[in-house]
Number of protein chains: 2
Amino acid sequence: MQEKQSSSQMQKNINHLIANIDEVELSDLAELFKVFGDSTRIRILADLFQGEKNVTEICDDLQMNQSAVSHQLKILKVSRLIKSRREGKAMIYSLADDHVKTIMAMGIEHIEE
Amino acid sequence: MQEKQSSSQMQKNINHLIANIDEVELSDLAELFKVFGDSTRIRILADLFQGEKNVTEICDDLQMNQSAVSHQLKILKVSRLIKSRREGKAMIYSLADDHVKTIMAMGIEHIEE
DNA sequence: CATTCATATGAATATATTATCATATGTTTG
DNA sequence: CAAACATATGATAATATATTCATATGAATG
């Protein structure tokens, strides 16, 4: 039976959850944030907030060379932050899910204080 | 006058907010995530979820040398993710605010899928 | 006030990461 | 099916980052 929790109760659970997280998960967590921690990659993510785009469009938007962009797209893809599909010659990239949005929104809140 | 928003409406605003974020803020955002993106630093943060601790305690918990820990504490401090106060000879560190918790919780949600 | 304890810091080394260049792969089209 | 277009990839060089070592700073205490 799932009881609804008060906000402060939920906060306590988060504390407990994180305080007791194992080393492997912490390492995965660091890896995840490392992916967000590069300005090329975060610019790609922000760009994809406008909607799905192919590689050429992303290069144009960021004013960066295609190879550099492709390398970073691969890292974002492996980390499951973006997904892709082929459309003819082009590869169309888009954000993988809403976690990307939430994580970035939290980050923005922090820096805007 | 502040109107309450539906969840989907809020999501749209976040999209718009991030899609139109300027280069400087994106760069700051990358810097912020870079701080989370190191396993020593994230282990320190997780350690501090148990409550405030001095440097020696953190070193013991992480089984790491004092200098390495101090260097990383400084980075966390400058990024305003932790705060410190002196207590006699010791320096007591603690998490700066709830954003750290929220950001890490979002990250954990992502990797646990 | 000299010593000890706790922490911080600078320099150096080791390691990791990114962008670039050259080229390969995959897809369409004449 | 050869050429053109779109993207991916491997190697390399440039740069950034973390840890270690040695030492400095700062506070308590006999």
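Just the heavy atoms: all of them, side chains too, but no hydrogens, waters or symmetry mates, feed the values below. Below, chains carry the letters A, B, ... as their sequence lines are ordered, and counting in each starts from 1.
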- Message: Is the shortest side-chain heavy-atom distance between A:Arg43 and A:Asp61 below 4.5 Å?
- Response: no
- Between B:Arg41 and D:dA18, does any side-chain N or O lie under 4.0 Å from OP1 or OP2? yes
- Query: Separation of B:Ile82 atom CD1 from C:dA8 atom P, in whole Å?
  - Reply: 9 Å
- Task: Determine the minimum heavy-atom distance between A:Lys77 and A:Ser84, stating which atoms define it.
- Result: NZ-OG, 3.0 Å
- Note on the structure: Closest to the side chain of A:Gln66, out of D:dT9, D:dT7, C:dA19, is D:dT7
- D:dC5 C1' sits how many Å from A:Glu87 CD, rounded? 15 Å
- Would you please determine if the base of C:dT18 is stacked by A:His71, with stacking meaning a centroid separation under 5.5 angstrom and planes under 30 degrees? no
- Message: Any base atoms under 4.0 Å from B:Ala68, or only sugar-phosphate, or nothing? Heavy atoms, all strands.
- Response: base
- Task: Please determine, for the side chain of B:Lys89, which listed nucleotide (D:dA27, D:dT7, D:dA8) has the closest atom?
- Result: D:dA27
- Euclidean distance, atom CD1 of residue A:Ile75 to atom P of D:dT9 [Å, nearest integer]: 12 Å
- Task: Return the value, rounded to whole Å, for the distance between atom CD1 of A:Ile58 and atom C1' of D:dT7.
- Result: 11 Å
- Task: Look at B:Tyr93 and C:dA6 and indicate whether a side-chain polar atom (N or O) is within less than 4.0 Å of OP1 or OP2.
- Result: no
- Can you tell if the side chain of A:Glu87 reaches within under 4.5 Å of the side chain of A:Asn54, non-hydrogen atoms only? no
- Looking only at side-chain N and O atoms, does B:Asn65 come under 4.0 Å of OP1 or OP2 in D:dT20? yes
- side-chain N/O B:Ser70 vs C:dT9 OP1/OP2, d < 4.0 Å: no
- Query: Taking CD1 from B:Ile92 and C1' from C:dA6, how many angstroms apart are they, rounded to a whole number?
  - Reply: 11 Å
- Specify whether B:Phe33 and A:Phe33 have parallel, tilted or perpendicular ring planes, treating 30° as the upper limit for parallel and 60° as the lower limit for perpendicular. parallel
- Item | Side-chain N or O of B:Gln72 closer than 4.0 Å to phosphate OP1/OP2 of D:dT17 | no
- C:dT9 base / B:Ser67 side chain donor-acceptor hit below 3.5 Å: yes
- Gap between atoms CD1 and P, on A:Ile44 and C:dT18 respectively (whole Å): 11 Å
- Note on the structure: Here the distance between atom P of D:dA18 and atom CE of B:Met64, to the nearest Å, is 11 Å
- Query: Can you check the B:Gln63 CD to D:dT19 C1' distance for me, whole Å?
  - Reply: 16 Å
- Message: Looking at C:dA16, I'd like to know if its phosphate oxygens (OP1 or OP2) sit under 4.0 Å from a side-chain N or O belonging to A:Lys34.
- Response: no
- Item | B:Leu81 side chain reached by A:His110 side chain, heavy atoms, under 4.5 Å | yes
